[in-house]
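Just below is one structure, and these are the notes that go with it.
No experiment lies behind these values; they were computed from the predicted model shown. Just so you know, residue 1 is the first one in the sequence shown, and it goes up from there.
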Amino acid sequence: MPYDLSDKLVIGISSRALFDLEAENAIYDQEGVDAYAQYQRDHENDPLQPGTAFPLVKALLQLNELIPERRLVEVVVISRNTPDTGLRAFNAIAAHKLDISRAAFTGGGPTAPYLQAFKIDLFLSRDTGDVQEAIDAGVAAAQLYAAPLDYSAPDKQIRIAFDGDAVLFSAESERIFAEKGLEAFARHEQRHRKKAMKEGPFAKLLLALSAIQKQFPPKQCPVRIAIVTARNSPAHQRVIHTLRTWNVTVDEAFFLGGLNKAEVLQAFGAHMFFDDQEGHVQKAAVVVPSGRVPYKGGTLERTRVPRTRAVKE
């Protein structure tokens, strides 16, 4: 019988997101594909250091050890490498004892067409173009930033943090803020406070994580979820009503009203934080692994409203 991925959380990850391949990527950019391929062959048995997503992937794979005879998570390497140059990544996977056995090496071709084939719930990459193509294809995806220095992942619990608007929820409210300013945003959210927001690109991932949480007693759950948003009272009400409609209970929520998210994320101890705004991701990436979620089509349509007029950033 064919192996079924539909009942699992499936993470697609580029080799450069899983391992630190920045020096190798520089060779590719500066010297070309042939020099890169030769370097990878010459060093295919050299160890690779963990990349930005390594702590999250390692922790997620450990969930498979908690329920006998049931795998909750699968990880698939989705890479533009050729099978030849991709051998180094699989050697590193074996060296780090990661339970990853599946891969798609596209030989320089686009990766997005294969995400649906592998039932990918989340795609993580360092490449802007690959992430944008994934989002445009309807797959949750994030462009990862460089791993923070001296980051230490929590030992006994997976901690994932999400921004709200344009990540878990649709970009509708974010667009109103961008086009008309904070006061119009606040009026709109108050008027619709009991109306659930539409799903954003990461809504299905949240639902999948929530389903995993329900496999464990609350006090023993190995997955902890937080929402870290610039919304504050009273705009927080719509977030709560939306989660109720989705039958999802997040463990923690932070309604910051323009405060710096990085300090809260560091205190939470996130394995990964997802946000749509580059400024937030840049600050967060200094303290926790972080990824930017692009807008479908690449931009959020907006008129010119000065961002200095509002605090929702």
State plainly whether the residues [X] and [Y] are in salt-bridge range, i.e. N to O under 4.0 Å.
{"X": "D121", "Y": "K204", "result": "no"}
{"X": "D127", "Y": "R16", "result": "no"}
{"X": "R126", "Y": "E22", "result": "yes"}
{"X": "E172", "Y": "K198", "result": "no"}
{"X": "D165", "Y": "R175", "result": "no"}

*asked:* Are more than 12 heavy atoms, taken from residues, nucleotides or ligands other than Q62, located less than 6.0 Å from that residue's CD atom?
replied: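 More than 12 within 6.0 Å, yes.
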*Does atom OH of Y28 have more than 12 heavy-atom neighbours from other groups under 6.0 Å away?*
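No - once you tally the heavy atoms of other residues, nucleotides and ligands closer than 6.0 Å, there are 12 at most.
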Between [Y] and [X], do the side chains contain a donor N or O and an acceptor N or O under 3.5 Å apart?
{"X": "E31", "Y": "Q38", "answer": "no"}
{"X": "R70", "Y": "Q215", "answer": "yes"}
{"X": "E189", "Y": "S173", "answer": "yes"}
{"X": "Q40", "Y": "R88", "answer": "yes"}
{"X": "S6", "Y": "D4", "answer": "yes"}
{"X": "Q277", "Y": "D163", "answer": "no"}

Hey, any chance [X] and [Y] share a hydrophobic cluster, counting ILVMFWY side chains that come within less than 4.5 Å of each other, even indirectly?
{"X": "L5", "Y": "V73", "result": "no"}
{"X": "V223", "Y": "L168", "result": "yes"}
{"X": "L209", "Y": "L72", "result": "yes"}
{"X": "V75", "Y": "M272", "result": "yes"}
{"X": "I135", "Y": "L205", "result": "yes"}

Got [X] and [Y] here, is their nearest side-chain heavy-atom distance under 4.5 Å?
{"X": "F255", "Y": "V239", "answer": "yes"}
{"X": "R80", "Y": "P110", "answer": "yes"}
{"X": "P55", "Y": "Y151", "answer": "yes"}
{"X": "F185", "Y": "R231", "answer": "yes"}
{"X": "P222", "Y": "L66", "answer": "yes"}
{"X": "K8", "Y": "R71", "answer": "yes"}
{"X": "T249", "Y": "L243", "answer": "no"}
{"X": "V228", "Y": "L265", "answer": "yes"}

*Does NZ or CZ of R102 lie under 6.0 Å from the centre of the six-membered ring of Y3, at an angle within 45° of the ring axis?*
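Ring-cation test returns yes.
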*Find out whether the Lys NZ or Arg CZ of R292 is both under 6.0 angstrom from the six-membered ring centre of F274 and within 45° of the ring's axis.*
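Pair R292/F274 does not count as cation-pi.
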Quick one: pull up [atom1] in [X] and [atom2] in [Y] and give me the separation to the nearest 0.5 Å.
{"X": "S14", "Y": "L144", "atom1": "OG", "atom2": "CG", "answer": "7.0 Å"}
{"X": "S15", "Y": "I93", "atom1": "OG", "atom2": "CD1", "answer": "8.5 Å"}
{"X": "D275", "Y": "T229", "atom1": "CG", "atom2": "OG1", "answer": "8.5 Å"}
{"X": "W246", "Y": "F169", "atom1": "CH2", "atom2": "CZ", "answer": "5.0 Å"}
{"X": "K58", "Y": "L98", "atom1": "NZ", "atom2": "CG", "answer": "7.5 Å"}
{"X": "I13", "Y": "I100", "atom1": "CD1", "atom2": "CD1", "answer": "7.0 Å"}

Shortest non-hydrogen contact from [X] to [Y]?
{"X": "G107", "Y": "T82", "answer": "CA-CG2, 3.9 Å"}
{"X": "C221", "Y": "Q157", "answer": "O-NE2, 3.1 Å"}
{"X": "A270", "Y": "P289", "answer": "O-CD, 3.8 Å"}
{"X": "A134", "Y": "A141", "answer": "CB-CB, 3.6 Å"}
{"X": "Y145", "Y": "A285", "answer": "CB-CB, 3.8 Å"}
{"X": "A92", "Y": "L48", "answer": "CB-CD1, 3.8 Å"}

*Angle class for the F54/F19 ring planes (parallel below 30°, perpendicular above 60°, tilted otherwise)?*
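Taking F19 first and then F54, their aromatic rings sit tilted (interplane angle of 30° to 60°).
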Verify, without hydrogens or angle tests, whether [X] (side chain) and [Y] (backbone) share a donor-acceptor contact under 3.5 angstrom.
{"X": "T242", "Y": "A196", "answer": "no"}
{"X": "S170", "Y": "E199", "answer": "no"}
{"X": "D251", "Y": "I225", "answer": "yes"}
{"X": "N91", "Y": "E44", "answer": "yes"}
{"X": "H188", "Y": "A184", "answer": "no"}
{"X": "S210", "Y": "L206", "answer": "no"}
{"X": "T85", "Y": "N81", "answer": "no"}
{"X": "H271", "Y": "R159", "answer": "yes"}

*Begin from the C-alpha positions of F202 and L122 and carry the test side chain to side chain contact (heavy atoms under 4.5 Å, CB included) through to its verdict.*
CA-CA 8 Å; F202 276 58; L122 172 65; 3.6 Å; yes
_Working for side chain to side chain contact (heavy atoms under 4.5 Å, CB included), residues I67 and F216_ = CA-CA 9 Å; I67 299 180; F216 302 91; 4.0 Å; yes
*Stepwise, does the side chain to side chain contact (heavy atoms under 4.5 Å, CB included) test hold for V76 with I11?*
CA-CA 6 Å; V76 182; I11 308 298; over 6 Å; no
*What do the steps show when you test L207 against V248 for side chain to side chain contact (heavy atoms under 4.5 Å, CB included), and what is the final call?*
CA-CA 7 Å; L207 294 173; V248 170; 3.4 Å; yes
*Assert yes or no for the condition that the ring centre distance of H280 to F273 is strictly below 6.0 Å.*
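Ring centres of F273 and H280 not closer than 6.0 Å.
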*In this structure, which one of R238, R244, Q237 forms a side-chain contact (heavy atoms from CB on, under 4.5 Å) with I240?*
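Single pass found, and it is R244.
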